[in-house]
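These notes concern the structure reproduced below.
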2 protein chains.
Amino acid sequence: MAPERVLSIQSHVVFGYVGGKAAVFPLQCLGYDVDIAELRTHKVVNTVNFSNHAGYGRSGGSRTTAAELNSIFESMEQNELLMPSRLLTGYIPGAEALSAVEKLATKLKHAKPSLTYLLDPVMGDAGRLYVAADVIPVYQDMLPLATIITPNWFEAEVLTGIELKDFPSLRKALSILHLKYHVPNVVITSILMKPWLIAALPPSIRPPDDDHLLCITSSTTATHPTSRSDFESCPSIVHAQCVPTIPGYFSGVGDLFSALLLAHFHPGRPPTTSDTTPLSEAVFQALAKTHTLLQLTHEQAMSLPEEERLATDDELDSVDPLRRTRRMRGRELALIQGQDIIRGSALDDTRSLVAWDGFWSQ
Amino acid sequence: MAPERVLSIQSHVVFGYVGGKAAVFPLQCLGYDVDIAELRTHKVVNTVNFSNHAGYGRSGGSRTTAAELNSIFESMEQNELLMPSRLLTGYIPGAEALSAVEKLATKLKHAKPSLTYLLDPVMGDAGRLYVAADVIPVYQDMLPLATIITPNWFEAEVLTGIELKDFPSLRKALSILHLKYHVPNVVITSILMKPWLIAALPPSIRPPDDDHLLCITSSTTATHPTSRSDFESCPSIVHAQCVPTIPGYFSGVGDLFSALLLAHFHPGRPPTTSDTTPLSEAVFQALAKTHTLLQLTHEQAMSLPEEERLATDDELDSVDPLRRTRRMRGRELALIQGQDIIRGSALDDTRSLVAWDGFWSQ
């Protein structure tokens, strides 16, 4: 049987695992044919998250234009090669290129309403945008096309215009994504464990210590709400899980997570238990594998010579930009060494996502 | 332990498995970190072998320039990211881009003399060049940098200027590659079973029927010749194997074969038996896996609906270019479904390469 086909539209770097380089290999390992439409971003190494840093001015290549993207998509269509059953989009630099992707996604969704589209609205982190602000309305326009979105905490704020400062604002943001933007599956990642959040969490989800981040999944695809008023008071089934943080910064983690999530998402299969949704099961797999791969990456980084793992120091880094490059090089995701983790289905050091029953009535 | 690192410089297509798309995934499956420097070639699908065909004018994208390649390599160097232990180059369109690759290969080889460089001089097949003729002298200049080259029959003729029309000319061509161009490991693929060749073959290598191609490996790396005169009368250890052909045309087979060969080439390991060389052992693995993957691809293509596997017909194809696209689409290498074949080390339906003892004295 021919594998399912994913069209992946991501940035490309020559060295290391970020963007397409973090997403494609896991999808292939998990049995998907991947059509790879790449965006050159002027960058040879991962610089997306540090584009203002002096050390990253030194990059080669040219940037993919919207006209080029359109031309690629048109050529695929003319040759009857635009036939994915799944679509994955990640970091796309600039509103023009993003609009070309929107046009394509619209066309694909129209031609095949069952298209599973995972849209990762990569825009920023920790209060800082690393794309131009004009991409925000384009992403908002695109949300109704998505089957799954995977914003981090900050991106969820940017998309909804809601500052996530207390539990009601979290509910408000989620309901905007479901009801205003019609996204059936929302995954919010990397949520900091603020006191109000810990207080709101059911005891079974509470982390044992502060070194955890929360991941929330919210899904309207299950046959849960029975009437319109039900739906408005309880628009979705919510699950959550806290994940221990691993010290230091790793690039490409979001891209890896989204690819694994898309690979494990099987909306047609009945859930394993009454307590899960196709989304929560896929997120469980994706979180477990991502975390295990990060642990492996961390262990390998720790075994490097000291000059390859000097701690972040903005002052020293700005004097010697190679300090940062060396550190990043030692912390590239260990996807190749960890490919058995990607392929494995049983991961024993993590718990399933927990259903957050009182989320909407709390 | 960190994996070995391959820098792969290949063409990129969005859809299907040719160039980098045929080479990178197998290398990754076999445990290599792959730095991917890609060449855009105006093409979305594989059109390398049919560039004059009307059906393939319809392609999108832009072409990578030599300046862009230089800029990418310089940026990698400045960031201390140019650190491969192996280099793989395949189809590179145009003498200017190829010269940029030559400059890089020279630099890498100078910095690390142990660099294993597999150069696949992709220029043409069956008597026809599909690159501009000005790449030929650039490839000839590059040959001394290579650890392994993998020309097909026609490319070996083009590189050496020797028409392979009888057994002495085959010997002459091989000795030119070893002695004039100093290539330690030569693999000539897809050799047609001409009567003179069958007559020259040791009985143990002779094919049972006409539907076979020969692969010859020739290696000077073993400690075989003991003096200069020995070396000149017997410049290398030669092995050969015939491979059954599979009907129809498949794209990307050479790219897959070269990647598997590079992955399995371990010059530092002692050969398994006195009868083999590191080259012949690697070629055995690469041939066996390529052949098994082709069989799988062929079986899958045969199971497609009839309109997806219409036979080649130049007249009908030129009226309806999609005929060819559909046929090619159904014959894309089954790398994803066959990934266990790539990973497997034991393949039982093939024989080892046979040492061709009398090759130089015949």
Side-chain angles (χ1 to χ4, degrees), chain A residues 1-3 5 7 12-17 20-21 24-25 27-29 31-38 40 43-45 55-56 58-62 64-65 67-76 78-83 300 303-304 321-322 325-326 328-329 332 334-337 339, chain B residues 1-3 5 7 12-17 20-21 24-25 27-29 31-38 40 43-45 55-56 58-62 64-65 67-76 78-83 300 303-304 321-322 325-326 328-329 332 334-337 339:
Chain A
M1 210 180 67
R5 206 160 194 105
L7 172 59
H12 174 73
V13 293
V14 175
F15 185 101
Y17 299 99
K21 289 279 291 295
V24 170
F25 180 62
L27 282 163
Q28 291 177 320
C29 282
Y32 291 87
D33 271 320
V34 185
D35 300 330
I36 311 176
E38 291 179 339
R40 306 184 305 287
K43 316 290 188 185
V44 169
V45 289
Y56 292 84
R58 307 192 284 179
S59 57
S62 66
T64 305
T65 63
E68 255 181 281
L69 272 185
N70 282 327
S71 152
I72 289 170
F73 298 146
E74 275 163 28
S75 165
M76 290 183 75
Q78 284 170 348
N79 287 291
E80 291 188 354
L81 297 174
L82 208 47
M83 45 195 265
Q300 294 196 345
S303 71
L304 290 173
L322 282 173
T325 309
R326 290 194 194 111
M328 285 174 61
R329 189 174 66 192
E332 287 290 343
L335 293 192
I336 302 302
Q337 303 96 309
Q339 56 187 289
Chain B
M1 210 181 67
R5 219 171 177 96
L7 172 58
H12 174 73
V13 293
V14 175
F15 185 100
Y17 299 99
K21 288 280 291 295
V24 170
F25 180 62
L27 283 163
Q28 291 178 319
C29 281
Y32 292 86
D33 271 320
V34 185
D35 300 329
I36 311 175
E38 292 178 338
R40 305 184 307 289
K43 316 291 187 184
V44 169
V45 289
Y56 291 85
R58 307 191 284 180
S59 56
S62 66
T64 305
T65 64
E68 255 182 280
L69 272 185
N70 282 327
S71 152
I72 289 170
F73 298 145
E74 275 163 30
S75 165
M76 289 183 75
Q78 284 169 349
N79 287 291
E80 290 188 354
L81 297 174
L82 207 48
M83 45 195 265
Q300 294 196 345
S303 72
L304 290 174
L322 282 173
T325 309
R326 290 192 195 112
M328 286 173 60
R329 188 175 67 193
E332 288 290 343
L335 293 192
I336 301 302
Q337 302 96 310
Q339 56 186 288

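In what follows, chains are A, B, ... by sequence order, proteins preceding strands, each numbered from 1. This one's a predicted model, so the numbers in the text were calculated from it and none came from an experiment.
- Closest approach of B:Arg329 and A:Met83 over heavy atoms only: CD-SD, 3.6 Å.
- Only the backbone of A:Val34 comes within contact range of chain B, with at least one heavy atom under 4.5 Å from a heavy atom of that chain.
- Nearest approach of B:Gln339 to A:Gln28, heavy atoms of both residues: NE2-O, 2.9 Å.
- Of all the heavy atoms in B:Lys21 and A:Asp35, the pair that sits closest is NZ-CA, 4.3 Å.
- Nearest heavy atoms, A:Gln337 versus B:Pro3: NE2-CD, 3.2 Å.
- When all heavy atoms of A:Ile36 and B:His12 are compared, the pair lying nearest together is O-NE2, 2.9 Å.
- The two residues A:Ile72 and B:Val14 make their nearest non-hydrogen contact at CG2-CG2, 3.8 Å.
- Residues A:Tyr17 and B:Asp33 have side chains in contact (heavy-atom distance under 4.5 Å, counting atoms from C-beta outward).
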